[in-house]
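Atoms within a ligand are numbered from 1 in the order they appear, just like the ligands themselves. Counting begins at 1 with the first residue of the sequence. Remember, predicted model here, so these are calculated numbers, not experimental data.
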Amino acid sequence: MDKDSQATTKGIELAESLGIPMVIMEPVKGGSLASLPEDIGNIFKESNKDASPSSWALRYVGSFSNVKVILSGMSDMEQVEDNLSTFDSFTSLSGEEQKVVESVAQALNSRVQNGCTACRYCMPCPKGVDIPGSFKIWNEYHVYGNIKDTLRRWNEGIKEETRPKNCVECGKCESVCPQKIHIREDLKRVQREMDVLS
Ligand code: SF4
Ligand code: SF4
């Protein structure tokens with residue numbers, strides 16, 4: 001999912017060409033890739049009905065030859081056993097499997113609501129609205145559909161005084177957004193949708 005953000009894949013490939021071993025953190029994206037929306041999870045199932053979504057994520061990062069350590073947080077025995085079985089009989093992704101991963105990533109990315117890159121050019125908002133923080137949670141809610149995780153992040157990460165409802169629609173942020181995002185409209189959608197979820 002993040003292979004084009006910052007120097008993810010390019011960075012790994014550069015390290016590979018220089019013979020630098022890599023340690024990978026958050027291979028399952030904080031658990032987001034472990035429980036995918038059903039229709040997207042089915043893309044993996046059609047390729048291999050027995051493989052868990054997490055195993056695809058672990059095999060994806062493990063397929064880079066210079067990745068030597070993969071650190072994955074686990075919260076129950078089922079996850080421990082699943083991860084162990086992935087590495088017990090580890091095989092790199094085949095070319096066909098790489099295509100499956102690519103199609104899952106495309107399907108997930110198609111659910112992003114706006115192209116906020118968190119550049120923060122729009123900040124600070126004179127009314128204190130956390131614009132990129134709100135958009136990040138909102139976009140990831142649409143991508144992964146994880147209501148529990150979304151509400152936890154919203155309630156812990158976006159304080160009342162920084163929520164979109166504080167926007168007075170001055171337009172300052174939109175005039176500097178390089179992505180030309182309709183920030184005011186999207187902030188209204190974020191607030192509305194989070195209110196419904198809460
Ligand atoms: S339009 Fe709203 S979010 Fe944007 S700068 Fe003005 S108050 Fe802040
Ligand atoms: S300027 Fe636009 S892209 Fe950058 S953080 Fe603000 S909303 Fe996101």
At less than 4.0 angstrom from any non-hydrogen atom of [X], what atoms of ligand 1 do you find?
{"X": "G171", "answer": "1 (S), 6 (Fe)"}
{"X": "L187", "answer": "3 (S)"}
{"X": "V168", "answer": "2 (Fe), 7 (S)"}
{"X": "I131", "answer": "3 (S)"}
{"X": "C170", "answer": "1 (S), 5 (S), 6 (Fe), 7 (S)"}
{"X": "P126", "answer": "5 (S)"}

**OP:** For a side-chain contact (heavy atoms from CB on, under 4.5 Å) with K165, tell me which candidate from Q191, K127, M194 qualifies.
**Re:** Q191

Original post:
Considering only heavy atoms, does R184 approach ligand 1 within less than 4.0 Å through its side chain, its backbone, both, or neither?
Top reply: side chain

Original post:
Is it the side chain, the backbone, both or neither of N166 that has a heavy atom closer than 4.0 Å to ligand 1?
Top reply: neither

Give me the residue, atom name and distance of the protein heavy atom closest to [atom].
{"atom": "atom 6 (Fe) of ligand 2", "value": "C122 SG, 2.3 Å"}
{"atom": "atom 4 (Fe) of ligand 2", "value": "C119 SG, 2.3 Å"}
{"atom": "atom 8 (Fe) of ligand 1", "value": "C125 SG, 2.4 Å"}
{"atom": "atom 2 (Fe) of ligand 1", "value": "C167 SG, 2.4 Å"}

Original post:
Is V143 linked to V190 within one hydrophobic cluster, defined over Ile, Leu, Val, Met, Phe, Trp and Tyr using a side-chain heavy-atom separation of less than 4.5 Å?
Top reply: no

Original post:
Would you say I12 and L58 are hydrophobically clustered, going by side-chain heavy atoms of ILVMFWY under 4.5 Å?
Top reply: yes

**OP:** Using 2.8 Å as a strict upper limit, say whether an N, O or S atom of C173 approaches atom 6 (Fe) of ligand 2 that closely.
**Re:** no

Original post:
Is the closest side-chain heavy-atom distance between E16 and M22 below 4.5 Å?
Top reply: no

Original post:
Is there a side-chain contact between P53 and L33, using heavy atoms and a 4.5 Å cut-off?
Top reply: no

Which of the numbered atoms in ligand 2 are under 4.0 angstrom from any heavy atom belonging to [X]?
{"X": "R120", "result": "4 (Fe), 5 (S)"}
{"X": "P178", "result": "1 (S)"}
{"X": "Q179", "result": "3 (S)"}

Original post:
Counting only N and O atoms by type, is there a donor-acceptor contact under 3.5 Å from the side chain of D195 to the main-chain atoms of R192?
Top reply: no

Subject >> Any donor-acceptor pair under 3.5 Å from R111 side chain to Y144 backbone >> reply: no

Inspect the contact between [Y] and [X] and indicate whether a charged nitrogen and a carboxylate oxygen are less than 4.0 angstrom apart.
{"X": "E140", "Y": "K136", "answer": "yes"}
{"X": "K10", "Y": "E13", "answer": "no"}
{"X": "R152", "Y": "D149", "answer": "yes"}
{"X": "E185", "Y": "K188", "answer": "yes"}

Original post:
When the ring planes of F90 and F87 are compared, do they come out parallel, tilted or perpendicular, using 30° and 60° as the limits?
Top reply: parallel

Subject >> Side chain, backbone, both or neither: A118 near ligand 2, heavy atoms under 4.0 Å >> reply: backbone

Subject >> Sub-4.0 Å heavy-atom contact, I183 with ligand 1 >> reply: no

Original post:
Hey, is there an N, O or S on C177 sitting under 2.8 Å from atom 2 (Fe) of ligand 2?
Top reply: yes

Original post:
Is the distance between atom 8 (Fe) of ligand 2 and the nearest N/O/S atom of C116 smaller than 2.8 Å?
Top reply: yes

